[in-house]
Amino acid sequence: MNFELSDERKMLQETLSRFLSDHYSNAVVNELNNTEHGFSHEIWAGMADLGIFGALFSEEHGGFGGEGFDIALVFEELGRVGAVDPVLDSVLLAGGLLAELGSDDQQAMLEPLLAGQTQWAFAHSEPNSRYELNRVQTTATLEGDHYVLSGHKALVVNAACADFMIVSARTSGDVSDHQGISLFLLPANLMAQGLQSYNLGTGGRACELSLDNIKVPADSLLGEINQAYDSIEKITACATVAVCAEAIGLMDAIKQLTIDYLKVRTQFGQPIGKFQVLQHRMADVLIEIEQAKSAVVNLAGHIDAERQEREKHVSATKNLVGLVAKLVVEESVQMHGGIGVTMEYELGHLVRRLTLVDHRFGDSTHHLERYIELAVA
Amino acid sequence: MNLNYTAEQLAFSEEVKAFLKARLPETLSEKVRLRKSLSKADYELWHSILNEQGWLGGNWPKEYGGTGWDAVHRHIFEDELTRAGAPRIVPFGVAMLGPLLQAFGSDEQKKYYLPRILNGEDWWCQGYSEPGAGSDLASLKTTAVRDGDHYVVNGQKTWTTMGQYANKIFCLVRTSQTGKPQAGISFLLIDMETEGLTVRPIVLIDGTPEVNEVFFDNVRVPVENRVGEENKGWTYAKYLLTHERTNIAGVGIAVAELENLKRIARTEQYKGRPLIENPHFAAQLARIEIDLMAMSTTNLRMISEASAGAAPGAESSMLKIKGSILRQEIQSLTRSAVGVYAMPFIPEDAEAAHNDVPVGPDYANAVTGYYLNHRKLSIYGGSNEVQRGIISKAILKL
Ligand SMILES: Cc1cc2nc3c(=O)[nH]c(=O)nc-3n(C[C@H](O)[C@H](O)[C@H](O)COP(=O)(O)OP(=O)(O)OC[C@H]3O[C@@H](n4cnc5c(N)ncnc54)[C@H](O)[C@@H]3O)c2cc1C
């Protein structure tokens with residue numbers, strides 16, 4: 001058994017970690033919250049220059065990684081500083097779908113995407129889909145040489161500054177059928193009218209997208225008609241590695257802040273870290289974070305496994321990480337006392353972000369139920 | 001032990017219901033339902049409506065303009081208010097300073113301050129905590145030094161809830177450096193317009209400036225603004241901590257929050273059905289409800305003891321711990337219930353009537369902020385760790 005990073009991955013980790021700690025601070029995060037796109041284009045360009053996005057793709061697609069452990073490594077570092085850049089949405093999700101499904105012409109868009117020159121968004125979830133990937137109500141109807149898209153997409157992260165969007169829609173079947181979902185690759189300005197932009201609790205911004213009979217050329221299909229579900233599920237598995245690894249980074253940062261605080265905060269004439277009740281609870285926090293790390297290793301190692309095995313790990317890991325995230329948020333805030341519920345101290349942003357990990361790609365209850373279906377029942 | 005209310009008590013609860021139906025403005029209950037911040041004017045309006053009815057001083061004796069209700073009537077009243085979605089009564093003047101002045105204030109203080117609390121002329125805030133004195137409150141350092149017929153106050157208070165709305169602050173200050181720290185503390189009433197006093201808001205994790213820092217730079221306070229004797233302030237503050245705490249469990253609010261959660265779970269769709277029908281979600285909801293039913297009775301048991309004359313002591317620590325944990329679990333499950341719509345974060349101007357661009361269902365907009373903000377329930381008013389310490393000492397005798 002060897003859980004050590006390879007030399008290449010170690011180098012990547014060090015480069016990214018140095019870059020992020022040079023560029024991120026609580027003040028930076030608070031400032032970015034008030035900007036138009038919710039993140040810094042300068043930091044974005046810096047990461048692209050370092051080749052970070054290439055780590056998320058295989059050589060075949062112009063990258064130098066693309067395995068579960070590459071994704072985990074990058075996102076753990078992003079999590080450590082509470083980075084708000086849309087790497088997950090623009091690069092991993094949209095880029096991943098493009099790499100897997102794109103025609104030769106469409107594949108040409110991958111290079112500028114990986115170079116950080118274009119911004120992307122993936123519009124899939126809907127107000128009533130909750131966490132079901134197959135529940136797609138938005139329709140695309142063929143009319144001559146055009147499709148007409150109509151419906152509502154919820155929480156499209158990074159949509160407001162996207163140059164391109166990948167939009168899912170139903171081209172046949174019933175609302176919850178796996179069959180009959182198709183993807184469309186569209187210039188974002190086609191949908192500019194239907195965007196309502198807002199801040200996210202994680203930092204960054206998202207949009208509600210209403211598609212009011214939007215006419216798109218038939219050749220904007222990405223991949224085969226009606227067959228998008230498997231690709232969506234697979235890219236969501238990669239995205240789950242990403243958010244869970246990011247959660248690990250957040251947990252580590254929060255744990256360190258809390259340990260430091262337990263040492264410096266004195267009450268009753270001693271550091272509060274001397275109170276045994278807090279020591280024991282911090283020890284439990286540490287144990288659970290280690291569990292979460294192992295769960296991410298399990299998932300990262302199975303991202304290329306056959307579907308049943310992969311998805312079993314998706315649900316196992318997302319369930320466990322969601323529960324540990326709640327524990328880490330609640331215990332760290334509690335042990336900080338009043339300062340823990342403020343936005344002036346850096347814990348604030350990190351716990352907001354960690355709290356909301358449970359709201360992307362399925363919460364711990366959704367994945368418990370799904371794990372039962374996949375592996376227990 | 002009789003679990004049922006008497007006919008008289010039932011009639012009273014009907015009376016409160018009818019009053020709320022007639023007088024609770026919908027603009028206020030709507031804000032409460034949607035977890036929006038209430039403005040100063042909202043609170044003042046609600047206080048004045050209650051005061052007109054003679055019900056603002058629910059925990060005050062009749063001689064001071066209060067209702068003279070016993071613990072059970074107070075409970076019924078508070079219960080109905082929270083069920084109806086009324087704003088909370090701002091506790092600092094009515095629930096905290098009022099009873100303290102009634103017990104320890106001079107006649108002049110009672111005559112001057114008590115009516116002003118009820119008629120809204122004064123808005124009080126509580127200046128106990130300091131940057132270095134939280135759980136260990138007795139270590140507080142803000143000093144008050146006698147200079148003729150004034151105290152000169154220097155130092156800093158923090159976490160002062162709604163201090164930005166207040167014109168008066170009651171403070172624990174250090175008047176003696178000798179002996180036990182508790183024995184050198186006095187209780188002062190300070191006008192916030194006094195020269196040398198400044199307020200700085202602190203933004204909380206939900207984006208609202210709910211608390212403040214208050215700085216004192218040679219603030220001159222007339223000696224007659226001291227409550228009771230010099231160096232006895234700790235005793236007065238402790239008296240308050242063990243009295244008037246029947247509502248500490250927040251059962252009424254918990255019930256209202258659980259009802260709200262159920263409403264949401266009936267509306268939210270999961271796999272084409274209402275979320276509330278999902279067995280894994282329903283199991284979590286049921287678990288909370290079972291706990292809440294029992295806690296509600298624990299609460300009534302303690303209220304009935306209090307009505308019979310027993311002073312609630314360390315028992316209130318149990319209610320505080322269980323009540324805060326339950327409410328926090330309800331808030332966490334509410335956050336889960338709204339799914340992806342827990343993610344938008346629409347900063348709310350505390351004074352604005354409503355957000356102009358809602359995202360997703362209206363009930364979803366504030367749930368994440370509300371959940372994170374309410375971690376405070378197990379931190380303030382004596383943290384749950386401190387409360388467990390009290391139980392270990394006072395009840396378990398360990
Ligand atoms: C939203 C909010 C509103 C508030 N409003 C007011 C107000 O209006 N007026 C006012 O005066 N104060 C107010 N407070 C202050 C509140 O009472 C303090 O936050 C509280 O007393 C805890 O103090 P602290 O924050 O300094 O935490 P600390 O005392 O530093 O505690 C940090 C952690 O250490 C733990 N700890 C401390 N001592 C022990 C021990 N002996 N054993 C085990 N664990 C221990 C605590 O439980 C906590 O988990 C408010 C606080 C908040 C968060």
Side-chain angles (χ1 to χ4, degrees), chain A residues 33 125-132 135 154-155 157 175-176 196-203 206-208 265-269 272 275 277-278 281 322 326 329-330 333-345 347-349 351-352 355-356 358-360 363-366 368-369 372, chain B residues 129 131-139 158-159 202-208 210-211 268-272 275 278-281 283-284 328 332-333 335-336 338-347 357-361 368-369 371-376 378-380 383-386 388-389:
Chain A
N33 242 331
S125 66
E126 299 180 358
N128 280 331
S129 63
R130 208 170 166 87
Y131 303 120
E132 283 185 287
R135 190 168 293 274
L155 224 112
V157 178
V175 64
S176 63
Q196 180 203 348
S197 178
Y198 48 83
N199 280 339
L200 293 171
T202 51
C207 288
E208 296 300 290
R265 173 66 171 172
T266 58
Q267 287 290 275
F268 303 101
I272 57 174
F275 295 123
V277 57
L278 301 189
R281 280 162 53 186
K326 179 172 185 282
V329 164
E330 294 178 356
V333 170
Q334 183 67 24
M335 289 189 226
H336 273 86
I339 193 96
V341 293
T342 70
M343 214 44 203
E344 298 183 353
Y345 177 56
L347 185 71
H349 169 67
V351 302
R352 272 192 190 178
T355 298
L356 292 171
D358 207 35
H359 294 262
R360 284 212 85 181
D363 62 18
S364 45
T365 311
H366 171 78
L368 181 71
E369 184 159 308
I372 293 170
Chain B
S129 305
S135 299
D136 182 13
L137 184 58
S139 70
T158 192
W159 308 125
I202 301 176
V203 174
L204 290 191
I205 196 158
D206 60 353
T208 60
E210 178 179 314
V211 298
E268 284 288 317
Q269 298 292 306
Y270 185 42
K271 300 187 179 171
L275 176 63
N278 177 268
H280 298 102
F281 182 86
Q284 297 176 62
Q328 289 172 336
S332 173
L333 194 57
R335 177 175 56 71
S336 297
V338 306
V340 296
Y341 282 116
M343 293 195 62
F345 202 90
I346 288 96
V357 244
V359 177
T368 300
Y371 159 76
L372 288 170
N373 174 295
H374 282 76
R375 303 312 303 170
K376 70 188 175 188
S378 50
I379 293 171
Y380 63 23
S383 75
N384 282 12
E385 289 72 34
V386 167
R388 288 189 186 98

*Take Y131(A) and V340(B) through the side chain to side chain contact (heavy atoms under 4.5 Å, CB included) test and state the conclusion after the steps.*
CA-CA 8 Å; Y131(A) 303 120; V340(B) 296; 3.8 Å; yes

*Would K271(B) and E132(A) satisfy salt bridge (Lys or Arg N to Asp or Glu O under 4.0 Å), going step by step from the backbone distance to the final call?*
CA-CA 7 Å; K271(B) 300 187 179 171; E132(A) 283 185 287; 5.5 Å; no

*Show the numbers, then the answer: is there a side chain to side chain contact (heavy atoms under 4.5 Å, CB included) between V157(A) and T202(A)?*
CA-CA 11 Å; V157(A) 178; T202(A) 51; over 6 Å; no

*For S176(A), is it the side chain, the backbone, both or neither that has a heavy atom under 4.5 Å from a heavy atom of chain B?*
neither

_Option in Q269(B), Q328(B), E210(B), R335(B) with maximal non-hydrogen atom pairs under 4.5 Å from chain A_ = R335(B)

*Can you tell which part of A133(B) gets under 4.5 Å to a heavy atom of chain A, answering side chain, backbone, both or neither?*
backbone

*How many angstroms lie between atom CG of L155(A) and atom OH of Y198(A), to the nearest 0.5 angstrom?*
3.5 Å

_Best-contacting candidate, Q267(A), H366(A), H336(A), against chain B by heavy atom pairs under 4.5 angstrom_ = Q267(A)

*Which pair of heavy atoms, one from H359(A) and one from G339(B), lies closest together, and at what distance?*
ND1-O, 2.8 Å

_What's the separation between atom CD1 in I202(B) and atom OH in Y345(A), rounded to the nearest 0.5 Å?_
14.5 Å

*chain B heavy atoms under 4.5 Å from L368(A): which part of the residue, side chain, backbone, both or neither?*
side chain

_Using a 4.5 angstrom heavy-atom cutoff, name the option from S139(B), G272(B), G360(B), A283(B) with the most pairs to chain A._
G272(B)

_Per-residue contact mode, F268(A) against chain B (heavy atom under 4.5 angstrom)_ = both

_Please classify the contact between L347(A) and chain B as side chain, backbone, both or neither, with a heavy-atom cut-off of under 4.5 Å._
neither

*In terms of heavy-atom pairs under 4.5 Å, which option from D363(A), T342(A), N33(A) contacts chain B the most?*
T342(A)

_Interface moiety of V211(B) toward chain A, non-hydrogen atoms closer than 4.5 Å_ = neither

*chain B heavy atoms under 4.5 Å from R135(A): which part of the residue, side chain, backbone, both or neither?*
side chain

*E208(A) portion near chain B, given a 4.5 angstrom heavy-atom threshold*: side chain

*Hey, does Y270(B) have a side-chain heavy atom less than 4.5 Å from the side chain of E369(A)?*
yes

_Heavy-atom proximity to chain A below 4.5 Å, by part of P131(B)_ = backbone

*Where on I272(A) is there a heavy atom nearer than 4.5 Å to chain B: the side chain, the backbone, both, or neither?*
neither

*Go through the steps to decide whether I379(B) and V333(A) satisfy the test side chain to side chain contact (heavy atoms under 4.5 Å, CB included), and finish with yes or no.*
CA-CA 9 Å; I379(B) 293 171; V333(A) 170; 4.2 Å; yes

_Rounded distance (nearest 0.5 Å) linking atom OG1 of T365(A) with atom CD of Q284(B)_ = 4.0 Å

*What's the verdict on side chain to side chain contact (heavy atoms under 4.5 Å, CB included) for R375(B) and V351(A), showing C-alpha distance, side-chain angles and the deciding distance?*
CA-CA 12 Å; R375(B) 303 312 303 170; V351(A) 302; over 6 Å; no

*Going by heavy atoms in the side chains, are M343(A) and R352(A) under 4.5 Å from each other?*
yes

*Where does E330(A) contact chain B at under 4.5 Å (heavy atoms): side chain, backbone, both or neither?*
both

*Part of V175(A) lying under 4.5 Å from any heavy atom of chain B*: neither

*Please look at T368(B) and chain A and tell me whether the side chain, the backbone, both or neither of the residue comes under 4.5 angstrom of a heavy atom of that chain.*
side chain

_Top contributor to chain A contacts, counting heavy-atom pairs under 4.5 Å, from V338(B), N373(B), L275(B), N384(B)_ = L275(B)

*Does some side-chain heavy atom of V359(B) sit less than 4.5 Å from a side-chain heavy atom of Q196(A)?*
yes

*Which answer fits A154(A), side chain, backbone, both or neither, if we ask what part of it has an atom under 4.5 Å from a heavy atom of chain B?*
both

*Leading residue by heavy atom contact count with chain B [cutoff under 4.5 Å; candidates Q334(A), H349(A), R360(A), K326(A)]*: Q334(A)

*Relative to chain A, which segment of S332(B) carries a heavy atom at a distance below 4.5 Å: side chain, backbone, both, or neither?*
side chain

*CG of D206(B) to CZ of F345(B): how many Å apart, nearest 0.5 Å?*
6.0 Å

*Option in P361(B), S336(B), S383(B), G369(B) with maximal non-hydrogen atom pairs under 4.5 Å from chain A*: S336(B)

